[in-house]
Amino acid sequence: MDASHAPRRGLIYCFANQKGGVGKTTTAVNLAAYLAAAGRRVLLVDADSQANATSSLGIDKNREEDSLYDVLLGDATAAEAIIPLDRPAFDGCLHLLPSSVELAGAEVELAAAAQGEREYTLKRALENVRGQYDYVLIDCPPSLGLLTLNALSAADAVIIALQCEYLALEGLMQLHNTITLVLKGLNRSLRIEGIVMTMYDSRTNLSAQVVQEVRSHFPKESFNTLVPRSVRLSEAPSYGLTILEYDPNSRGAVAYKALAEEVIARSEQKVEV
Ligand code: ATP
Ligand code: MG
């Protein structure tokens, strides 16, 4: 399919897992980079007050300009806060709706709004811009607070990043139940787009066991791509670069390129059915 002529569907995927440090941000940022490099228009939304996705792309989380915080409070539109990332690797296809340190306060301020309204603030804010993108990726904080609920309410689907470690499956079952429970009333059409296993270490039996277990319980959801544990992936953010820019030949880069291809194949296949 020729992406330049395809209508933009603005598919919204959120990266949620209440467990911290499992690779949500690394996956959101690098998947966004490879989707953009494949010519898809991508908006990365940083919905975490840690602002790791924002910093990973070399944008200062202390900058004065509008961020998602101002958008959620109704002081700016999404279009006003979005930053196009003018870098050769992305050919103009990657935009960021940045976080800022202030976003920590948004949970409290959103909570003051009426119940039934406050969970849909992000969804409403994205309505006017999503049609300009093929994919909108929302990076969530490691909690089930109002920001994550807003992301889950806005999303068409969740992509779950799962670290290949002891008890990963137990955490996944818990998350699965939580998503089902929490969303009964909020977003009935939400689905799990896929489970991506990260920090895979081919030298350990544990990693292989986790992969085997997750694949046997979630055969349809598990992506084939395994993201290896790679120092290059953890170094890139400190230079404000994606792995595509920092070391495109590294094993982590190869994995995220393959993951982007899988995501494109899954989502574009669904359209044709
Ligand atoms: P949080 O819950 O705090 O938002 P997270 O789920 O977004 O965390 P990341 O920030 O992506 O997780 O990753 C946690 C740490 O592990 C980071 O320092 C990151 O650079 C590193 N990391 C992520 N993926 C890999 C990998 N495949 N190999 C090596 N290091 C990795
Ligand atoms: Mg994160």
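Atoms within each ligand, like the ligands themselves, are counted from 1 in listed order.
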Worked verdict on Thr225 versus Glu262 for side-chain hydrogen bond (donor to acceptor under 3.5 Å, both in side chains):
CA-CA 8 Å; Thr225 306; Glu262 274 195 78; 2.5 Å; yes
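Of all atoms in ligand 1, numbered sequentially from 1 with element shown, those under 4.0 Å from a heavy atom of Val227 are 27 (N). Ligand-side atoms of ligand 1 in range of Ser234: 20 (O), 30 (N), range being under 4.0 angstrom from any heavy atom. Atom numbering of ligand 1 starts at 1 in the shown order; those under 4.0 Å from a heavy atom of Asp48 are 4 (O). Every atom of ligand 1 is numbered from 1 in the order shown, and the set under 4.0 Å from a heavy atom of Val22 is 5 (P), 6 (O), 12 (O). Short contacts between ligand 1 and Gln50, defined as distances under 4.0 Å to a heavy atom of the residue, involve ligand atoms 1 (P), 3 (O), 4 (O). Within ligand 1, counting atoms from 1 as listed, the ones closer than 4.0 Å to a heavy atom of Leu233 are 26 (C), 27 (N). Of all atoms in ligand 1, numbered sequentially from 1 with element shown, those under 4.0 Å from a heavy atom of Gly20 are 2 (O).
For the pairing with Asp156, the side-chain hydrogen bond (donor to acceptor under 3.5 Å, both in side chains) check across Arg9, Arg130, Arg191 returns one residue only, Arg130.
Here Thr27 has no heavy atoms under 4.0 Å from ligand 1, in either its backbone or its side chain. Contacts between Pro141 and ligand 1 below 4.0 angstrom, taking non-hydrogen atoms only, are absent altogether. Neither the backbone nor the side chain of Thr198 comes within 4.0 Å of ligand 1, counting heavy atoms alone.
The backbone N or O of Leu122 sits less than 3.5 Å from a side-chain atom of Asn150, completing a donor-acceptor pair.
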Show every donor-acceptor pair shorter than 3.5 Å between a side-chain atom in residues 79-88 and any protein atom, with sequence neighbours excluded, or say none if there are none.
residue : atom : partner : partner atom : Å
Glu80   : OE1  : Thr77   : N            : 2.8
Glu80   : OE1  : Thr77   : OG1          : 3.4
Arg87   : NE   : Glu245  : OE2          : 2.9
Arg87   : NH1  : Leu57   : O            : 2.8
Arg87   : NH2  : Gly240  : O            : 3.3
Arg87   : NH2  : Glu245  : OE1          : 2.8
Arg87   : NH2  : Glu245  : OE2          : 3.2

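Both the sub-6.0 Å distance and the 45° axial angle are satisfied by Arg41 relative to the ring of Tyr133.
Polar contact check, Lys24 against ligand 1: a nitrogen or oxygen pair lies under 3.5 Å apart. For ligand 1, the polar-atom distance check against Pro237 finds no nitrogen or oxygen pair separated by under 3.5 Å. Residue-to-ligand polar distances place Thr25 within reach of ligand 1: an N/O pair is separated by less than 3.5 Å.
Shown here for Pro98 and Ser67, the closest heavy-atom pair between the two residues is O-CB, 3.4 Å. Between Cys140 and Thr148, the shortest heavy-atom distance links the atoms CB-OG1, 4.0 Å.
With salt bridges taken as basic N to acidic carboxylate O contacts below 4.0 Å, one links Arg40 and Glu268. Glu213 and Arg215 are not joined by a salt bridge, as no carboxylate oxygen comes within less than 4.0 angstrom of a charged side-chain nitrogen. Here Arg118 does not pair with Glu109 in a salt bridge; the nearest charged N to carboxylate O distance is not below 4.0 Å. Using a cutoff of 4.0 Å between basic side-chain nitrogens and carboxylate oxygens, Arg232 and Glu235 are scored as salt-bridged.
Note on the Mg ion (ligand 2): protein N/O/S atoms under 2.8 Å are Thr25 OG1.
No more than 12 heavy-atom neighbours from other residues, nucleotides or ligands sit within 6.0 angstrom of CG on Asp91. Heavy atoms from other residues, nucleotides or ligands lying under 6.0 Å from CG of Asn128 number 12 at most.
Of the protein's non-hydrogen atoms, the one nearest atom 8 (O) of ligand 1 is Gly21 N, 3.0 Å. Residue, atom and distance of the protein heavy atom nearest to atom 13 (O) of ligand 1 are Thr26 OG1, 3.7 Å.
Protein heavy atoms are absent from the 4.0 Å sphere centred on atom 15 (C) of ligand 1. Counting only heavy atoms, the protein gets under 4.0 Å from atom 29 (C) of ligand 1. In this structure, atom 18 (O) of ligand 1 is not in close contact with the protein, since no protein heavy atom lies within 4.0 Å of it.
For Gly23, the closest heavy-atom approach to ligand 1 falls below 4.0 Å. The closest approach between Ser230 and ligand 1 falls below 4.0 Å for a heavy atom of the residue. The shell of residues lying under 4.0 angstrom from ligand 1, judged by heavy atoms, includes Pro228.
Val158 places none of its side-chain heavy atoms less than 4.5 Å from the side chain of Tyr13.
Remark: Leu149 CG to Thr121 OG1 distance equals 11.0 Å, nearest 0.5 Å. To the nearest 0.5 Å, the span separating CG on Asn30 from NZ on Lys257 amounts to 14.0 Å.
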